[in-house]
2 protein chains.
Amino acid sequence: MANSDPVYLRVVEDLRRQIVDGTLPPGAPIPSRHQITRKYSVGETAARHALRVLAQEGLIVGRVGSGHRVREKPTLLPSYRSRVPEPHTPFAMDMQANGRQPSWNWRSELAEAPPEIAQRLQLSQWSPVIRIRFVFRGDGKPMQLATSYELIEFGQSQSPEEGTAERRSTVSRMAANGTKITEISESVHVRVPQPTESDLLELPTGVQVLHVERTHWAAERPVETSDIVIPGDKFRLVYGIPVSL
Amino acid sequence: MANSDPVYLRVVEDLRRQIVDGTLPPGAPIPSRHQITRKYSVGETAARHALRVLAQEGLIVGRVGSGHRVREKPTLLPSYRSRVPEPHTPFAMDMQANGRQPSWNWRSELAEAPPEIAQRLQLSQWSPVIRIRFVFRGDGKPMQLATSYELIEFGQSQSPEEGTAERRSTVSRMAANGTKITEISESVHVRVPQPTESDLLELPTGVQVLHVERTHWAAERPVETSDIVIPGDKFRLVYGIPVSL
DNA sequence: GAAGCTCGCCTGTGGCTCCAACTTTGCCCG
DNA sequence: CGGGCAAAGTTGGAGCCACAGGCGAGCTTC
């Protein structure tokens, strides 16, 4: 079975086993390419490949000059998704709950709803909507991205604007507006970050992102929908599911 | 800028651009290693590396003999997490909603709660609990894993048992029992699958998993908690967040 | 004893080659 | 004219080598 398997897998599996069972604790040095070639009697290519795979899996990190080490377990900040966000976005509330200084900036502009967004807002394709792009930071470091689409009739302004940290949550803005948000729905999946996202979020290779599609509903109609990109190595999402009595 | 960048990145970026902007639609063939070496004037190593990176990102898939193609967009099955699961687990309900035949098997036994589980159940470490392991299948193929921990006073039996597809959801079992579940909480994060998980779920390399920690509460006390492992390439989790009027 | 520098180790990148296994295609022969 | 087979093309695995540049241990020098 494991006989005809590729050679590099033998190395990967052995090292992985040692990492997950704690023989190699977080921070411990991983044998170098040369050491692997000797220890496992494999070529340099296989050694390199094995290290790449483990790095790709997020189990080890390599630094030029000082070798590979077992990745330290990141502490995942909770993001409480079930709390209705007021006065600010969930992100700002999470950061405050976690004792970090939240800051963010945004840019709004008029745009045409691409097919998927149009569907989520129950509009026809390429209808005009207001698009707002956010970059959220915690203690100055970029931590989440979001792109929000609002129906034009609810947006305050149709001309491009931008700002920092003073935009309020959709829920409270709508409330001030006379529109009561009655439900929020979120759909969560995992994906590989796009290059611009890796860039903006300063993601190490191998880290995937949680993609949250969030829609605000008022009276059975969607009024706003957003795509939120959350680094998988920094956050966990916490939901409460009420059970009606 | 892009001048001193590694050569293979030029290839990756060009192909990626063509894929994301639709020049190369899903299913379209990607140039072979030899074609890449010629077209971009790079060595074969760089060409191969570029293809590996794109495959790793999930944008293309390679098949021995017939080349690489742009990956078809996988359809992610929705998993409706907010619905209170009766009479069966969320998984079974999702499969039915998606028109697939659900099946599962489980094994229960007495175990000692490891620190993290003990904390989630508000017990002291290594307290006796009932541990139940599930493998969930859709149309016969393994799709989700779960490990559940129940307080002994609520479990029906303390001796090891196993079964197939007849175990009811915690909510309905507790109800039959006189204990009303009042809330369910879930915490979602992403992680790399452990080898046994990759094995059981038959995951391709590079696919990460959604790890859901789910806890059932009755009268402000946790009565059951489970770890659910969900392949990131097969499911998206859907939550509804009620906004109280 | 402390400060600074040198040299060796390690990673990341990249080039070249060979081989096994598999797919596709097109040609040849019946 | 059609079916089957062989050749060409492709991926994935594997080996070897080279080189730039970061990092750090340890030696040298002040």
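Order of the sequence lines sets the chain letters (A, B, ...), proteins ahead of strands, with each chain counted from 1.
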Query raised in the report: Are the charged groups of R83(B) and D94(B) less than 4.0 angstrom apart, N to O?
Result: yes
Report task. Starting at atom CG of L54(A), determine the distance to atom P of dT11(C), rounded to an integer number of angstrom. Result -> 12 Å
Query raised in the report: Is there a donor and acceptor pair, one atom on the side chain of R52(A) and one on the base of dG12(C), closer than 3.5 Å?
Result: no
Report task. Find the distance H68(B):NE2 to dC22(C):P and express it as a whole number of Å. Result -> 17 Å
Query - E202(A) bridged to K141(A) by N-O distance under 4.0 Å - result: no
Requested in this report: List in numerical order all residues of residues 25-32 of chain B for which some heavy atom is under 4.0 Å away from an atom belonging to DNA chain C.
Outcome: none
Query raised in the report: Which part of the nucleic acid, if any, lies within reach of G65(A) when heavy atoms closer than 4.0 Å are counted: base, sugar-phosphate only, or nothing?
Result: base
Requested in this report: Please report, rounded to the nearest Å, how far the P atom of dC16(C) is from the NE2 atom of H34(B).
Outcome: 11 Å
Query - Donor/acceptor link under 3.5 angstrom from T45(B) side chain onto base of dG14(C) - result: no
Query raised in the report: Any donor-acceptor pair under 3.5 Å joining the side chain of R48(B) to the base of dG13(D)?
Result: yes
Query raised in the report: Counting only side-chain N and O atoms of Y8(A), is one of them less than 4.0 Å from OP1 or OP2 of dA14(D)?
Result: no
Requested in this report: Taking only Lys NZ, Arg NE, NH1 and NH2, and the carboxylate oxygens of Asp or Glu, determine whether R17(B) and E13(B) approach each other closer than 4.0 Å.
Outcome: no
Requested in this report: Kindly indicate whether the side chain of R33(B) and the base of dG9(D) share any N or O donor-acceptor pair separated by less than 3.5 Å?
Outcome: no
Report task. Select one nucleotide: of dA14(D), dT11(C), dG15(C), the one nearest the side-chain heavy atoms of A46(B). Result -> dG15(C)
Query raised in the report: How long is the line joining CD of Q35(A) and C1' of dT11(C), in whole Å?
Result: 13 Å
Report summary line: From NE2 of H49(A) across to C1' of dG12(C) the rounded distance in Å is 16 Å
**Report entry** Separation of dC9(C) C1' from R38(A) CZ (nearest whole Å)
**Finding:** 12 Å
Query raised in the report: R63(A) CZ to dG22(D) P: how many Å, rounded?
Result: 13 Å
**Report entry** Nearest-angstrom distance from the residue atom CD1 of I36(B) to P of dG14(C)
**Finding:** 14 Å
Report task. State plainly whether the residues R191(A) and D233(B) are in salt-bridge range, i.e. N to O under 4.0 Å. Result -> no
Report task. Please figure out whether V7(A) or S66(A) has its closest DNA chain D nucleotide nearer the 5' end. Result -> V7(A)
Query raised in the report: Does the pair R16(B)/D21(B) count as a salt bridge with the N-to-O cut at 4.0 Å?
Result: no
